[in-house]
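Every chain is numbered from 1, with letters handed out A, B, ... down the list of sequences.
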Amino acid sequence: MSIFIDSDTKLVVQGITGRDGSFHTRQMIEYGTQVVAGVTPGKGGQSFDGPDGVEVPIFNSMDRAVAETGANTSVIYVPPAFAGDAILEAADSGVHLVVAITEGVPVLDMARAHAFARDKGVRILGPNCPGLISPGKSKVGILPAQIVAEGPIGVVSRSGTLTYEAVFQLTSVGLGQTTCVGIGGDPLIGTNFIDCLAAFEADPDTTAIVMIGEIGGTDEQDAATYVNAELSKPVVGFIAGQTAPPGRRMGHAGAIISGSAGTAEEKMKAFEDNGIAVAKRPADIVGLIQDALG
Amino acid sequence: MSIFIDSDTKLVVQGITGRDGSFHTRQMIEYGTQVVAGVTPGKGGQSFDGPDGVEVPIFNSMDRAVAETGANTSVIYVPPAFAGDAILEAADSGVHLVVAITEGVPVLDMARAHAFARDKGVRILGPNCPGLISPGKSKVGILPAQIVAEGPIGVVSRSGTLTYEAVFQLTSVGLGQTTCVGIGGDPLIGTNFIDCLAAFEADPDTTAIVMIGEIGGTDEQDAATYVNAELSKPVVGFIAGQTAPPGRRMGHAGAIISGSAGTAEEKMKAFEDNGIAVAKRPADIVGLIQDALG
Amino acid sequence: MDIHEYQAKERFLAAGIPVPPGEIATTPDEAESIASKYGGPVMVKAQVHTGGRGKAGGVKYAKDAAEAREHATKILGMDIKGLRVEKVLVTPAEDIDTEAYVGVLIDRSTQSATFMVSAAGGMDIEQVAETQPDAIRRLAVDPRYGLLPHQAYWLANFLYEDPGLVKQASKAIAQLYRSFVDSGASMTEINPLITTPDGKVKAIDAKMSIDDNELFRRPEVAAMRDSSSEPPSETKAREAGLSYVKLDGSVGCCVNGAGLAMATMDLVKYYGGEPANFLDIGGSSNPDKVVSALEIITSDPNVRAILFNIFGGITRCDDVANGIVEATQRIDMKVPIVIRLTGTNEEKALEILEDAGFSAYTSMDDVVEKAVQLANG
Amino acid sequence: MDIHEYQAKERFLAAGIPVPPGEIATTPDEAESIASKYGGPVMVKAQVHTGGRGKAGGVKYAKDAAEAREHATKILGMDIKGLRVEKVLVTPAEDIDTEAYVGVLIDRSTQSATFMVSAAGGMDIEQVAETQPDAIRRLAVDPRYGLLPHQAYWLANFLYEDPGLVKQASKAIAQLYRSFVDSGASMTEINPLITTPDGKVKAIDAKMSIDDNELFRRPEVAAMRDSSSEPPSETKAREAGLSYVKLDGSVGCCVNGAGLAMATMDLVKYYGGEPANFLDIGGSSNPDKVVSALEIITSDPNVRAILFNIFGGITRCDDVANGIVEATQRIDMKVPIVIRLTGTNEEKALEILEDAGFSAYTSMDDVVEKAVQLANG
């Protein structure tokens, strides 16, 4: 099992003909993801040449792509100026999951897109996220496939390469993953820690969870309370940004300590107070997971 | 029993200090309606002198009025320029029914207000309607109390004085009413025939229903289909506007035949086709109801 | 309130919609000089608030300025469905490849502004709706979000295959929605939206009706009203705050409430008469309003009898009776008046009316039957 | 991106918010002449992108133009939290009756723009939030509807009793929301919003941060950037498309990915060092970016060692290694560099690096420990 995506995932790539879109479409097809359609307005009727002779039909719009291919998930690689509209189009098309990779989407565009997705009952992952991968089943986004392996660990993170670091270490010691989810580094994201924790709790194959947070906001604190109240499975946590100065954005739009709120200390304390084992260094994550699994 | 309002209705009057608002507040209090609050921004803290020594406290805003009096229904007498906002405020305040008397509210304001009310799960009656009365229990709006009587007939109508005509005749022959509802003459109304028919069907005290429509739109046709499919109680119908020319607005913003759609003929035919007895003249309504009741 | 094609085009242009140039002429001379300014062939188009201009001969192609003058001479002053043509629009004739229809109106069932688009443009859209319902694509615009870009694209995609045309049409559709909202419209349409042989999308006709309830906050739109295009009696009624629609019968009707007014007209017909008008005097007993109403009704030479049908609800009947009596004293009545008053204080009211010499009734059927008798007699 | 008080006030004025007049001076002479133009007493206010100006002596009351000159002389060139004051705002001093706080920011939990208002203005709102949480009223603005009039009224009603003040404040609050949205802001505040003895509501201070992601479509807002108010190294990083934040330590960090970059800084601290910066070079192996990054890091005189931490995911490690080698050949390096590269093709990458004479690692802990040793040694 896995969460959010699996071998039934039928993916449409919005922005399939762009530089990033075409590169990652190839990567996803190579991994075995069922990429059933691409969307680029004005290029409907053409097709995308994937690896191994795979041809992906291109449509002008999401409604056609979904109607003609039965896609249930979309991934968005379109530039920030159009990403907000692309998310609205996806949420309106009938897919149930929209993975928004694009970095730099204006936050007010996202406020509207999230409201629209709530109205439509559609899950958004991201924006500004690496996507997700369910090893051996499906990969949607940009996560490097070679660092993952099938196994019992659920990984959820606000970061990209820091997640790879953790996943790589898990895989190195033989701890594979059910699903690795990057929820994104923006202030307004569609899927948060709690959504992923709930899904991992419900997934019978997941036995332990790694949660990687960073400075900014209170998502980790809320997640910690949730873990304490609702989760039966062990959770290991890590927070990046102990040395970050207040008021400065640390790369991610959402990674900023506002006044005294959202510090790493606060988050680590919330983890400890709620029974989450806290890794002091990324290298400690593996050991703590092994302890938790006994 | 009755529909939408009864002796538990606790009413707040928006625009209580205006000419229409103050006049009708007195009429409602005289009828026995529990008018618990008024709202006029800037006049909070004052009070409205009603008949029989009744003092109604005035608040600056709906949220205060509801919080301090437990009002569950509001009626709106504010001028058209502010009525849209007043409806939004009411729908946001915790009341479950908003009766909008005001005529002349821009239709795009109402499109937004209706969407907002749907989001909040609040019923709007109107706008541009006479309100409703549950004889012996409560009156909200401008219907003349002296023409109604307690009894078993449910009355629903798009019109004002034409309804009075029908109700007056019913009362004259001893056929009182559970509730008389004026749904309003605008194109976009919050409560339509079907809502009222469903409520009358569910009301054990209502034994027969009078439905008074007019030209414009397809509400009567839809209601006719609904009656056929869902109602066990007899319905008598009347349609005004057989002699109205196409393309001209007959007073009510919603009373207009667009092209060949929304004619009286079409509506009367829909009534007949769905088992609704059609009165040729207002004077025939009473006889048809008496026939229906056996 | 309807506005003219040329006014709707001004609104469209302000929103960025591609509209060919055009100028208004009120004389053949003006039409000729506008046409010669444009150089090539032009269209001369009657500006009247009614459909079917084309069939009535109100829209003509002119190969040059001299012909434009000829057409303008015929069209100006022409009577189209009872309306006199006072102005023509002179606009360069366009080469047309395809004609589509794009319209927005307020839809009751979805409670929102709703688009209708069809590749079958240049025709009456209602006819298309009846004969080829699949040739129309509809979209209800959620008022919480407005028209979203992918929705405009979805509509445009129904009209054209070519990506360039779809892009232009998407933009025009988004602009049309903006124009609709900014104008406080209840309906607007481009029919036809054309494509030209060189691949341009253009709006060559334009219609717009404004929601009367929006006019108070849009003085620049309210100023577009052209009273010359409606019967003077309707102008006067509007200015007096009355709802009035002129009809062709002989029984003048003066009623309180729109629904009751329609029912009264219907009852006139039921008893063998023809109503001369729809008139709702509202809830007031103010003699000034009654005076205006009577002046308007009596200015119609077809009226042979006048019928008042008043249901006294909140308003007391005796007040209304006094208003009617005072009003009839202030004007010189040449046709018989019959009055029905019922409701609160009706006995007192009937006394007042009978003292003043009126036939007063309490039953709607009785008064209508009497009025028809007087008008037909 | 932060904008200055005077720039935020320009945005406010454009939205209709009542803001007293004011002009910018870059010299004491200018300050004096602006003050004498206004006549009465003025405030001289340092324009810097940081809070706590007042406590630092950057905001002064001047009873006349001569005193304004004196204050400007002191304030211009002053260092406030590491930022040099280049401009002062000279604005008439207002008589103040009450001070309130009105702010809007993007709230993560409600996923919307959220108002905070408090009658306890003139203070740091975070402090108010901690010590008197009940003194703040919050409202999340539903992006589907925007700020509704009754919501603006509800907020204003929390600040004032007097109907006249509530009305003015409602209007200002609605205008502030408009200004927030139109500016593409992520935060804006009026602190304080004052009332004057003659019953006027005015915004006498203004803050606004713009969402960096909005700048591409708002050139007029992007033009408000004042690079003089940030370290030149950060300006350079931004222009090179790098995320860079200068810190005070001695270990220069060059990392791909923001989360990994923060984790690397934390690990530097863990091993007893201090990071000199946050720097995310992104996913690219482009030598130009690496060159810019190295130039920026080496321009910091505190840096004693440079640490690369690269996780090769989609990007191949050998490509990145080649980029680093090429970049270091293009600039003259004076401090030691240690490099950790792991992921796809890491063996090949390590070979390339060692051939070029670098200490190359595969473990993050090892490389950080080594870098700290070099910097501290």
Side-chain angles (χ1 to χ4, degrees), chain B residues 23-24 27 80-81 104-112 114-116 119 130 142-144 146-147 157-165 168 185 187-189 212 214-219 222 238 240-245 248-255 258-261 264 280-283, chain C residues 50-51 105-109 111-113 124-126 129-130 141-144 180-181 184-187 211-214 216-217 243 245 247 249 255-270 274-275 278-280 283 309-315 342-344 363-365:
Chain B
F23 176 80
H24 290 291
Q27 300 267 332
V105 187
V107 70
L108 288 172
D109 289 10
M110 286 313 306
R112 196 163 92 127
H114 289 312
F116 190 77
D119 279 348
I142 63 173
L143 284 113
Q146 69 276 14
I147 62 167
S157 170
R158 275 169 74 180
S159 156
T161 46
L162 177 56
T163 316
Y164 309 165
E165 184 83 38
F168 187 54
L188 303 193
I189 53 174
I212 300 174
E214 61 189 32
I215 54 165
T218 57
D219 266 18
D222 298 342
F238 177 81
Q242 298 167 53
T243 49
R248 300 302 309 269
R249 168 179 158 169
M250 305 304 277
H252 287 166
S258 304
S260 59
K280 300 264 176 304
R281 305 173 298 163
Chain C
T50 180
L105 48 74
I106 296 292
D107 179 56
R108 296 163 191 243
S109 59
Q111 299 198 319
S112 56
D124 180 18
I125 192 67
E126 287 197 22
E130 269 171 41
V141 181
D142 187 331
R144 302 173 306 169
F180 177 86
V181 171
S186 54
M187 186 279 292
D211 176 6
D212 289 352
N213 297 343
E214 292 271 4
F216 75 92
R217 60 183 174 195
S243 283
V245 176
L247 302 170
V255 188
N256 69 331
L260 190 59
M262 282 188 275
T264 304
M265 288 158 54
D266 295 349
L267 206 59
V268 167
K269 179 99 177 176
Y270 180 90
E274 289 291 341
F278 167 91
L279 197 160
D280 173 10
N309 184 11
I310 306 292
F311 194 99
I314 298 300
T315 319
T342 196
T344 322
S363 144
M364 179 165 163
D365 282 75

Pair C/R217 + B/D109: basic N to acidic O under 4.0 Å: yes

Interface moiety of B/R249 toward chain C, non-hydrogen atoms closer than 4.5 Å: both

SB check B/R281 C/D365 (cutoff 4.0 Å): yes

Which portion of C/T264 sits near chain B, non-hydrogen atoms under 4.5 angstrom: neither

side-chain hydrogen bond (donor to acceptor under 3.5 Å, both in side chains) partners of B/D119, counting only residues at least two apart: C/R144, D/R144, D/Y145

B/Q146, part contacting chain C, at a heavy-atom distance under 4.5 Å: side chain

Nearest heavy-atom neighbours spanning C/M262 and B/A240: CB-CB, 3.9 Å

Side-chain donor or acceptor of C/Q111 paired with backbone N/O of B/A115 under 3.5 Å: no

Portion of B/P282 that has a non-hydrogen atom of chain C nearer than 4.5 angstrom: side chain

Part of C/L279 lying under 4.5 Å from any heavy atom of chain B: neither

Interface moiety of B/L108 toward chain C, non-hydrogen atoms closer than 4.5 Å: both

Toward chain C, the part of B/F116 with a non-hydrogen atom under 4.5 Å: neither

Contacting moiety of B/Q242, where chain C heavy atoms sit under 4.5 Å: both

Taking every non-hydrogen atom, the tightest pair across C/R108 and B/P187: CG-O, 3.4 Å

Sequence-distant partners of C/F180, ring-ring contact (aromatic ring centres under 6.0 Å, His included), two or more places apart: none

Chain C contact via B/V105 - which portion, at a heavy-atom distance below 4.5 Å: backbone

Segment of B/L143 engaging chain C (4.5 angstrom heavy-atom cut-off): backbone

C/V245 versus B/P245, closest heavy-atom pair with distance: CG1-CG, 4.4 Å

Contacting moiety of C/D211, where chain B heavy atoms sit under 4.5 Å: side chain

Distance-only side-chain donor-acceptor flag, B/T243 / C/D266, under 3.5 Å: yes

Heavy-atom check, side chain of C/I106 versus side chain of B/L188, under 4.5 Å: yes

